[in-house]
Asks: 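Take this structure first; my questions come after.
This one's a predicted model, so the numbers in the text were calculated from it and none came from an experiment.
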Amino acid sequence: MSTVASIQHVTVTSRIPSSFGLRSTQGGVSGFIQPHTDDTRRARQQTLFRAGVIKEAGGSKKKDASVPLKSGIIYLVMAEVGEVLMSVLSTIRVPKPGDRVHKDECALSFSSPESEGGLYLCMNSFLGFGSQYVDRYHARTGQRAYLHITRTRKTKKEDDNNSGSGHPPKKKPTRLAIGIEGGFDVEQEQYEEDIKVVILPDRQEVTSEDLATMPDVVRERVSLSMAGIMAADSVSHALQVQQWDGEVRQESRHAIELKQLDNGVKIPPSGWRCEVCDLQENIWMNLTDGKLLCGRRYFDGTGGNNHALLHFQETGYPIAVKLGTITPDGGDVYSYDEDDMTERTMTELEIAVNQRVGEWEVIQESGTTLRPLFGNGLTGMKNLGNSCYLNSVMQVLFTVPDFQNKYVSNIDKIIDEAPSDPTQDFKTQVAKLGYGLLSGDYSKPAPDLGEENVASEPRGDQVGIAPRMFKALIGRGHPEFSTNRQQDAQEFLLHFINMVERNCRSGSNPSEAFRFLVEERIVCQQSHKAKYTQRVDYIVQLPVPMDQATNTEELQEAERRREEGDSSSPIVRAQIPFTACMAALSEPEILTDFWSSAVQSKTTATKTTRFASFPDHLVIQIKKFTFGQDWVPKKLDVSIDVPDTLDLSDLHAIGQQPGEELLPEVAPPPLMTPDVEVKGILGYQGNDEDDSLYSPLLSPVLDDSTVSQLCEMGFPLEACRKAVYYTGNTGIDAAMNWIMSHMDDPDFAAPLVLPGCSSGAGTTPIESLSEEHLATIVSMGFSRDQATKALRATSNVLDRAVDWIFSHLDDLESMDVSEGGRSAADSEGGRDPPPPGPRVKDGPGKYELFAFISHMGTSTMCGHYVCHIKKDHQWVIFNDQKVCASEKPPKDLGYLYFYRRVAE
C-alpha cells in the first residue's frame with residue numbers, strides 16, 4: 001500500500017467531534033487530514049466518509065484549494081487520536097482501593113473543576129493540575145493522558161431552611177458526623193459536570209462519544225479509567241468523612257411521662273411569633289402548654305430574648321421544640337430541666353455553625369456596614385469545618401516578610417524542585433497557600449447562589465481558597481489538628497512553627513522572626529546566691545490579673561443580679577489595664593519549695609523573667625483560657641486596653657550583677673525510697689545471668705493522692721506520675737501546670753524515665769539517637785556534638801534536650817559551634833565561633849501592633865476565630881471567606897496580638 005500523501009479536500013456535513021483537531025479561523029473551521037501508510041488507518045479514515053460525517057471533495061495537493069460551505073471554507077484535520085491513545089494506553093490506570101484521587105484541587109494551586117480552565121487529572125498518578133501547571137507536570141514526568149474535569153454550578157432553586165414557608169424542612173442532622181446514620185449527607189453541591197480525555201502536549205481531546213469509534217482495547221481501558229476516577233472518592237472528601245464524628249443526642253427523662261395540658265391551643269403551620277415580644281425567629285413551643293416563646297439570647301447578641309427560659313422558670317414545664325425543625329424523623333427538642341445552659345447542645349451549636357460556614361458574624365463590628373475588599377493580600381479562606389483557627393493564623397503569618405520571602409517569592413523554584421507527589425511536600429503546600437493568599441487570583445466576589453441568599457448589605461464573601469491539602473498535611477498524625485474539632489489558635493501557631501523548624505534545617509528559617517531568648521534569674525532567699533538559665537520561646541504569655549479590674553463595683557453588681565436570676569441585665573466585662581498585665585509578667589515569682597544547692601535543702605526563692613533578646617516580630621497571648629477550682633476549663637471575659645505601640649526596653653535582661661555569687665551546680669537529691677531497687681527502667685539491655693548493664697535505681701516517692709486526683713481528671717497514669725515527680729511533690733497545682741505544659745510532648749503518656757537509667761548516667765547510646773532530633777537541634781545553631789550531648793543526657797527526648805541545652809550553655813562554651821553545626825576548624829579562615837546558643841535576631845524592644853486574632857466562645861473547644869490585620873494604614877477583618885474594611889476593630893477583646901519592630 002503506497003503512502004497517501006495528498007491533502008484531501010473535505011466538507012463537513014454533520015457534527016465533527018472536537019477530538020479530530022479542528023481549529024477556528026476567521027472563515028470558520030479548518031484542518032487537514034494527516035497522511036496514512038497502511039490499510040487499517042485508511043479504513044478508519046474512510047469510516048467518516050461512509051457515515052456521512054464528511055465527504056471527499058477532490059485530490060488536489062494545493063492547500064488553498066477549497067470547497068465553500070455555509071460558514072466558509074474549511075479543511076478537516078482528522079488527528080489519529082486512536083493511535084495516540086494506543087501509544088499511551090499502558091500509562092492509563094484504573095483507580096484501585098487505596099489510590100488517592102485528587103479530582104477536586106490542583107496539587108500546586110487552588111484551581112479546581114469550577115475554576116476557569118477546569119482541572120486536569122493525570123490518569124496515571126491521579127494528581128490534579130490547573131491549566132497553568134499541567135504542561136509543566138507533563139514536561140517533567142512525560143505523562144500525556146489527563147482527564148479534564150469542568151464543573152458549572154447549578155442555580156439554587158430551593159431554600160435549605162423552609163421553616164414557615166409551607167414546605168417541609170429537610171432532614172436535620174442529629175450527630176456531628178459525615179456519611180454515617182444521623183450525620184450530614186455526603187452529597188456535594190449540585191454541579192453540571194463535563195469530562196473528556198486530553199492528550200498532551202497537543203491537547204487533543206476525546207469525549208465519551210468519541211471513544212465509541214475507537215478500537216475495543218482503547219475504548220474499554222479508557223472508559224474504565226474515566227468511570228473509576230469519577231466514581232472514586234476525592235481525597236478531600238474522604239478526609240472530610242474520616243475526620244467528622246460526634247456525640248448523639250440523648251433521650252430526655254421527661255419523654256415518657258411528659259405532662260400535656262388539654263387547653264385547646266392550636267399551632268399554625270407558619271407565621272410564628274413570640275407571645276411576649278413578637279420576635280419571629282428562634283421560636284420554641286412548650287410541649288406542655290403550647291406556649292410560643294423566643295429562645296435564649298446567645299453571647300453574640302443573636303437568638304432571642306430568653307422568654308422560653310423564663311416561662312420554664314415560672315411554670316416548671318421543661319420540654320420545648322424549635323418550630324421549623326419538626327420532621328417525620330423528629331425535631332430540635334430541648335429540656336431546660338436537664339441542661340439549663342442553652343437551647344442547643346454543643347453538637348447542635350457546631351452543626352449550626354458548619355451549616356452556614358463563613359456567615360457567623362460574631363466579632364464583626366455589629367451594626368456597621370462593612371465594605372468588601374478584593375485584591376492582592378486580601379483573599380478569604382473557606383472554613384472546612386471549625387478551621388477558622390487555621391485560617392486566622394495563616395492569614396497573619398503571610399503578612400510577615402520572612403514567610404513571604406521564604407515561600408511566595410520562591411514559589412517557581414519550590415514547584416520545580418517538588419517531589420513526585422507535591423501534595424505530601426510541606427514546602428510546596430505552604431508556598432501554594434501563601435501564593436493563594438497574596439496573589440489576588442482568588443480574591444473575587446463569590447457567585448450569587450440565588451435570590452434567597454441576597455443580603456440587605458454587602459457581605460464581602462469571596463471565592464477564596466479552600467486549604468484542604470494544607471490542613472491534611474499539617475494535621476497528619478496529630479490527635480487534634482487532624483480532626484474537624486475546634487482548636488486553640490495559639491497551639492496551632494506553635495505546632496506550625498515547629499513544623500517550619502523541622503523543614504528548614506538548611507537555608508533561611510522564617511520562624512526566626514518570632515524566636516527569642518528568655519532569661520530566668522532565680523535567687524535563693526537564704527544564701528542570696530543566684531542562678532541564670534536561658535530558654536527559647538516564640539510567644540509571650542501575658543497573665544490576666546483579675547484583681548486589678550478597674551470596674552470592680554460594676555462586676556459585683558452584675559454578679560449579684562445574675563445570682564438573683566435577672567437575665568435581662570447587660571453583660572459587664574472586666575476592664576483590665578494592659579500595664580497591670582505587663583506588671584504581672586515582670587514581677588518576681590515566689591518559689592516556696594526551691595531546692596538550693598548553696599544550703600543543700602529546700603527554701604524560698606524568687607524567680608524573675610526577662611527578655612535576653614527581642615525578636616523582629618513579637619507575639620503576645622492573653623491567657624484568657626484557664627481552669628476553675630473544679631478544673632473545668634473556662635474563659636475569662638475581659639477587656640484589655642492593648643496599645644498600638646509597645647516599648648519593652650526596660651524588660652531586657654542584664655545578666656549577672658556585679659559582686660553577685662552564683663549557686664553551685666549541684667543537682668538536688670532524687671526523691672527515693674531506701675528499700676526498693678528498680679532495674680532497667682529504660683529497657684532491658686542484659687540477660688538473666690548478667691545484670692551488669694542494669695542501672696540500679698531507687699524508685700521515686702510520689703504523692704499517691706496527687707497522682708489519683710490527676711488520673712480522675714482523665715490524664716494517663718504515667719503522665720500523672722511524671723507530673724508529680726518533675727514538680728517535686730509540690731502539690732496538685734504545680735502538677736497540673738506541668739501537665740498542661742507537656743500535653744503535646746510525644747512521650748507524654750510514656751513510662752516515667754528517671755535520670756541515669758541508660759548505658760551511662762543520664763545518657764543514651766549514641767547509636768540510638770534520632771537523626772531527626774539531631775538535625776532539628778543543629779538547625780537551631782548548635783553543633784552536632786552539642787546536640788548529641790543534649791540528647792544523650794535526656795534519653796533522646798527532643799523537647800527535654802532543647803531545655804537541657806539552654807540550661808547548660810556554660811558547659812557548652814568549650815565545644816565548637818557555628819552556622820549549620822560545623823566546627824570552627826571547618827569555618828572560613830578558622831574564625832572564632834559565635835557563642836553557643838540558637839540563632840536569634842535581636843534589636844530594640846520597640847514595637848507596633850499590626851494584627852490580632854480574636855476568639856468568641858466559652859472555651860477553645862468551641863466558638864469562632866477571626867483576625868484583624870493592618871494593611872496600608874487600614875484595619876482589615878478576615879472572617880473566613882469574608883474580607884472587609886474594619887470600622888471598629890475590637891482590639892480590647894483579642895486573644896493573640898502580633899507586633900513588629902519599629903525601625904529606629
Asks: Determine yes or no for a side-chain-to-main-chain donor-acceptor pair under 3.5 angstrom, with Lys624 supplying the side chain and Gly894 the backbone.
Replies: yes

Asks: Identify the two heavy atoms, one from Asp104 and one from Arg151, that lie closest to each other, and give their separation to 0.1 Å.
Replies: OD1-NH2, 3.0 Å

Asks: Any chance the side chains of Gln462 and Gln881 put a donor and an acceptor closer than 3.5 Å?
Replies: no

Asks: Assert yes or no for the condition that the ring centre distance of His868 to Phe878 is strictly below 6.0 Å.
Replies: no

Asks: Any donor-acceptor pair under 3.5 Å linking the side-chain atoms of Asn879 with those of His864?
Replies: yes

Asks: In the structure I gave you, are the side-chain heavy atoms of Thr483 and Gln487 within less than 4.5 Å of one another anywhere?
Replies: yes

Asks: Please name the pair of heavy atoms, one in Ile622 and one in Tyr897, separated by the smallest distance, quoted to 0.1 Å.
Replies: CG1-CE1, 3.6 Å

Asks: Donor-acceptor pair, Asn391 side chain versus Met394 backbone, under 3.5 Å?
Replies: no

Asks: At their closest point, which heavy atom of Gly475 faces which heavy atom of Ser482, and how far apart are they?
Replies: O-CB, 3.0 Å

Asks: Is there side-chain contact between Pro716 and Phe748, with at least one heavy-atom pair below 4.5 Å?
Replies: yes

Asks: Is there a side-chain contact between Ile465 and Thr379 (heavy atoms, below 4.5 Å)?
Replies: yes

Asks: Closer than 4.0 angstrom, basic N to acidic O: yes or no for Glu275 and Lys291?
Replies: yes

Asks: Could you tell me whether His855 and Tyr389 have their ring centroids closer than 6.0 angstrom?
Replies: no

Asks: Would you please test Asp488 and Tyr895 for side-chain hydrogen bond (donor to acceptor under 3.5 Å, both in side chains) and show each step?
Replies: CA-CA 10 Å; Asp488 188 340; Tyr895 174 48; 2.8 Å; yes

Asks: Without placing hydrogens or testing angles, list every side-chain donor-acceptor pair under 3.5 Å for residues 255-268, not counting sequence neighbours.
Replies:
unit_1: Gln260; atom_1: NE2; unit_2: Leu287; atom_2: O; d: 3.2
unit_1: Asn263; atom_1: OD1; unit_2: Val265; atom_2: N; d: 3.2
unit_1: Asn263; atom_1: ND2; unit_2: Asp289; atom_2: O; d: 3.0

Asks: Which class fits the ring pair Tyr336 and Phe312: parallel under 30°, tilted 30 to 60°, perpendicular over 60°?
Replies: parallel

Asks: Should Pro445 and Pro372 count as side-chain neighbours, where that means a heavy-atom distance under 4.5 Å?
Replies: no

Asks: Would you sort out whether Phe852 and Phe898 count as a ring pair (Phe, Tyr, Trp, His ring centres under 6.0 Å), showing the intermediate values?
Replies: CA-CA 6 Å; Phe852 62 95; Phe898 295 79; 9.6 Å; no

Asks: Between Phe496 and Phe492, what is the ring plane arrangement, given parallel below 30°, perpendicular above 60°, and tilted in between?
Replies: parallel

Asks: To the closest 0.5 Å, what do you measure between NE2 (His311) and CG (Asn306)?
Replies: 14.5 Å

Asks: To the closest 0.5 Å, what do you measure between CG (Leu893) and OG (Ser854)?
Replies: 6.5 Å

Asks: Counting only N and O atoms by type, is there a donor-acceptor contact under 3.5 Å from the side chain of Ser443 to the main-chain atoms of Leu378?
Replies: yes

Asks: Passes side chain to side chain contact (heavy atoms under 4.5 Å, CB included), Leu384 versus Arg468? Steps please.
Replies: CA-CA 7 Å; Leu384 306 178; Arg468 296 186 185 95; 4.0 Å; yes

Asks: Give a yes or no answer on whether the side chain of Asn383 reaches the backbone of Asp880 with a donor-acceptor pair at less than 3.5 Å.
Replies: no

Asks: Determine, step by step, whether Met546 and Leu636 satisfy the side chain to side chain contact (heavy atoms under 4.5 Å, CB included) criterion, reporting the C-alpha distance in whole Å, the side-chain angles of both residues, the deciding distance to 0.1 Å, and the verdict.
Replies: CA-CA 9 Å; Met546 295 297 292; Leu636 302 178; 4.1 Å; yes

Asks: Can you tell if the side chain of Met285 reaches within under 4.5 Å of the side chain of Trp272, non-hydrogen atoms only?
Replies: no

Asks: In terms of heavy-atom contacts, does CD of Glu281 have more than 12 from other residues, nucleotides or ligands at under 6.0 Å?
Replies: no

Asks: Looking at Ser387 and Lys471, what are the two nearest heavy atoms and their distance?
Replies: CB-CE, 4.1 Å

Asks: Just distance, no hydrogens or angles: give the donor-acceptor pairs under 3.5 Å from side chains in residues 549-558, sequence neighbours left out.
Replies:
unit_1: Thr550; atom_1: OG1; unit_2: Gln575; atom_2: O; d: 3.3
unit_1: Asn551; atom_1: OD1; unit_2: Gln575; atom_2: N; d: 3.0
unit_1: Asn551; atom_1: ND2; unit_2: Arg573; atom_2: O; d: 2.9
unit_1: Thr552; atom_1: OG1; unit_2: Ala549; atom_2: O; d: 3.2
unit_1: Glu557; atom_1: OE1; unit_2: Arg560; atom_2: NE; d: 3.2
unit_1: Glu557; atom_1: OE1; unit_2: Arg560; atom_2: NH2; d: 3.4
unit_1: Glu557; atom_1: OE2; unit_2: Arg560; atom_2: NH2; d: 2.4

Asks: Between CD of Gln621 and CD of Gln490, what distance do you get to the nearest 0.5 Å?
Replies: 4.0 Å

Asks: Between Phe470 and Leu390, what is the shortest heavy-atom contact and its length?
Replies: CE2-CD1, 4.0 Å

Asks: Could you give the distance from CD (Glu314) to CG (Leu309), rounded to the nearest 0.5 Å?
Replies: 10.0 Å

Asks: Give the intermediate values and the outcome of side chain to side chain contact (heavy atoms under 4.5 Å, CB included) for residues Trp875 and Lys891.
Replies: CA-CA 11 Å; Trp875 281 102; Lys891 288 183 286 186; 4.2 Å; yes

Asks: In Å, rounded to the nearest 0.5 Å, how long is the span from CG of Leu896 to CG of Leu542?
Replies: 11.5 Å

Asks: Got Lys888 and Ser886 here, is their nearest side-chain heavy-atom distance under 4.5 Å?
Replies: no

Asks: Hey, could you give me the CG/CD1 distance between Leu370 and Ile877, rounded to the nearest 0.5 Å?
Replies: 6.5 Å

Asks: How about Cys294 and Asn282: do any of their side-chain heavy atoms sit closer than 4.5 Å?
Replies: no

Asks: Would you check if Pro890 and Asp892 make a side-chain contact, meaning some heavy-atom pair closer than 4.5 Å?
Replies: yes

Asks: Decide yes or no on side chain to side chain contact (heavy atoms under 4.5 Å, CB included) for Cys388 and Val866, but give the supporting numbers first.
Replies: CA-CA 7 Å; Cys388 51; Val866 305; over 6 Å; no

Asks: For Cys277 and Asn305, work out which heavy atoms get closest and say how close.
Replies: SG-ND2, 3.4 Å

